Structure formats: structure tokens, C-alpha cells
Amino acid sequence: MSSPTTRGVLYVHSAPRALCPHIQWALESVSHRRTDLQWTPQNAEPGCVRTELEWSGRAGTGALLASALRTLGRVRFEVTENASQGNDGSRWSFTPDLGIFHATTDVAGNICVSEDRIKYAFEASGGDPEAVVSELSLALGEAWDEELEPFRHAAEGAPVRWLHRVG
């Protein structure tokens with residue numbers, strides 16, 4: 001039985017130019033296909049570049065892409081994977097300072113926080129409302145959003161490329 005197919009987007013928000021070939025090789029190792037990335041300057045970080053890539057492939061491809069890229073160090077990126085039959089959607093965010101963040105998403109791209117995670121936030125807080133807020137902030141990936149937001153705005157109007165038949 002084959003895995004359901006899905007789609008998603010890879011946003012490389014910033015990377016030093018020297019890492020561009022390594023990023024391309026990492027993507028090609030996941031997709032088993034050549035990629036033709038169009039790099040543009042990242043105004044939020046002079047000397048760095050950015051790119052976007054829409055992809056389609058088997059469910060789980062987003063995790064493979066995130067795993068391949070997180071080993072490269074000074075790269076800021078996000079990978080989204082749409083929900084597919086029998087699979088939730090996902091989002092992975094990575095920054096060199098914060099590391100990797102993963103969240104399950106709904107069909108609109110909203111982060112879904114599980115009942116168990118919410119219970120943990122209450123239990124770990126010891127009754128301190130600020131600690132609950134801190135735990136829920138972590139569960140929502142707010143620190144990653146804050147760090148990546150300037151890079152997202154710098155990308156408005158950038159071209160998007162397609163990567164088909166991943167996996």
C-alpha cells in the first residue's frame with residue numbers, strides 16, 4: 001500500500017550563499033530529482049539569500065526535508081506539509097539560535113495544540129498563570145515566529161518554484 005500524496009512549501013528564509021549548493025544537494029537527496037532553485041537576496045540579513053519551493057510527494061516528505069536542512073547550521077527555514085488522507089498537516093520551523101520546532105496543523109494552517117500538551121502546561125505551571133502562558137507560547141512556537149517574521153516580510157512578492165513527485 002502506497003502512502004497518500006500531499007503538497008507543501010519550503011521557505012528558506014535566509015542562508016549564506018556558500019550553503020546554497022549544500023541546500024540544493026540536501027533537497028535532491030530527499031526528492032531524488034534535480035532542483036532548480038532561484039535564489040534572491042535576503043534584505044533582512046545582508047549577504048544572505050532566500051528561496052521558496054512548492055513540493056508534492058508522499059506524506060512525511062516535509063519531515064524528511066526539515067531533517068535534511070537542519071543539519072546545515074546557519075539556515076533559517078520553514079517547511080509546511082498539507083494534511084492528506086489519514087495524516088495531519090505539519091509545520092517545521094528552524095533557526096540557528098532556537099533549533100527545530102514542529103507543530104501539527106489544521107487545513108487552514110493553524111497550529112493545533114493537543115489536550116495532553118495543554119494539560120502539561122497547567123500541571124507544569126504549579127498554579128502560576130505566567131508559567132501557563134509561557135508553556136502555551138512554547139507549544140505554539142511563538143519564539144520561532146518572532147525570529148522568522150522579519151525574514152518572511154522581506155520575502156513578499158518573491159517567486160515560488162515547484163518540485164514535483166517527491167519520493
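Being a predicted model, the structure only gives us computed values, none of them experimental. What's counted below: heavy atoms across the whole structure, side chains too, no hydrogens, waters or symmetry copies.
Between Leu65 atom CG and Ser31 atom OG the span is 8.0 Å, to the nearest 0.5 Å. A distance of 11.5 Å separates CG of Leu27 from CH2 of Trp55, quoted to the nearest 0.5 Å. With rounding to the nearest 0.5 Å, the separation of OG1 in Thr71 from CZ in Phe94 is 8.5 Å. Annotation: the span from Glu52 atom CD to His13 atom NE2 amounts to 8.0 Å, rounded to 0.5 Å. How far CG of Leu37 is from CG of Leu10: 8.0 Å, rounded to the nearest 0.5 Å.
Under a 3.5 Å cut-off, the side chain of Glu54 and the backbone N or O of Arg7 do not form any donor-acceptor pair. Under the 3.5 Å distance criterion, the side-chain polar atoms of Glu78 are left unmatched by any main-chain donor or acceptor of Arg91. Under a 3.5 Å cut-off, the side chain of Asn87 and the backbone N or O of Gln85 do form a donor-acceptor pair. A donor-acceptor contact shorter than 3.5 Å links the side chain of Thr80 to the backbone of Val9. With hydrogens and angles ignored, the 3.5 Å screen pairs a side-chain donor or acceptor of Thr105 with a backbone N or O of Ser90. The main-chain N or O of Thr35 is found under 3.5 Å from a side-chain atom of Glu28 such that the two form a donor-acceptor pair. Counting only distance, with no hydrogens or angles, the side chain of Thr95 and the backbone of Arg76 share no donor-acceptor pair below 3.5 Å.
Using a 4.5 Å cut-off between side-chain heavy atoms of Ile, Leu, Val, Met, Phe, Trp and Tyr, with links allowed through other members, Ile100 and Val12 fall into the same hydrophobic cluster. When hydrophobic clusters are built by joining Ile, Leu, Val, Met, Phe, Trp and Tyr residues whose side-chain heavy atoms come closer than 4.5 Å, directly or via intermediates, Ile111 is grouped together with Leu98. Leu69 and Phe101 end up in different hydrophobic clusters when Ile, Leu, Val, Met, Phe, Trp and Tyr side chains are linked at under 4.5 Å. No continuous path of hydrophobic side-chain contacts links Val75 to Trp144 [ILVMFWY only; heavy atoms under 4.5 Å]. Put simply, Leu148 and Leu140 are part of two different groups of oily side chains (I, L, V, M, F, W, Y) that touch within less than 4.5 Å, one to the next.
Sorted by first and then second residue, the ring pair (Phe, Tyr, Trp, His ring centres under 6.0 Å) pairs involving residues 112-137 (not counting sequence neighbours) form an empty list. Identified under the salt bridge (Lys or Arg N to Asp or Glu O under 4.0 Å) test for residues 134-143, with sequence neighbours left out: Arg117-Glu135.
Residues satisfying the salt bridge (charged side-chain N to carboxylate O under 4.0 Å, His left out) test with Glu149, not counting sequence neighbours, are Arg152. Among residues two or more places apart in sequence or in another chain, the side chain to side chain contact (heavy atoms under 4.5 Å, CB included) test is passed with Pro41 by Asn43. Partners of Ala108 under the side chain to side chain contact (heavy atoms under 4.5 Å, CB included) rule, at least two apart in sequence or in another chain, are Asp106, Asn110.
Closest of all the heavy-atom pairs between Ser84 and Thr6 is CB-CB, 3.9 Å. Closest approach of Trp39 to Val49, counting heavy atoms only: CE3-CG2, 3.4 Å. Heavy-atom minimum distance, Arg70 versus Ser67: CG-O, 3.4 Å. Scanning both residues, Gly73 and Pro96, for their nearest heavy atoms gives O-CG, 3.7 Å.
Put simply, the residue from Arg17, Arg74, Arg50 that forms a salt bridge (charged side-chain N to carboxylate O under 4.0 Å, His left out) with Glu45 is Arg74.
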List the atom pairs, donor and acceptor, that lie under 3.5 Å between side-chain atoms in residues 127-134 and the rest of the protein, sequence neighbours left out.
residue: Asp128; atom: OD1; partner: Glu130; partner atom: N; Å: 3.1

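The aromatic rings of Trp92 and His102 sit tilted relative to each other, their planes meeting at an angle between 30° and 60°.
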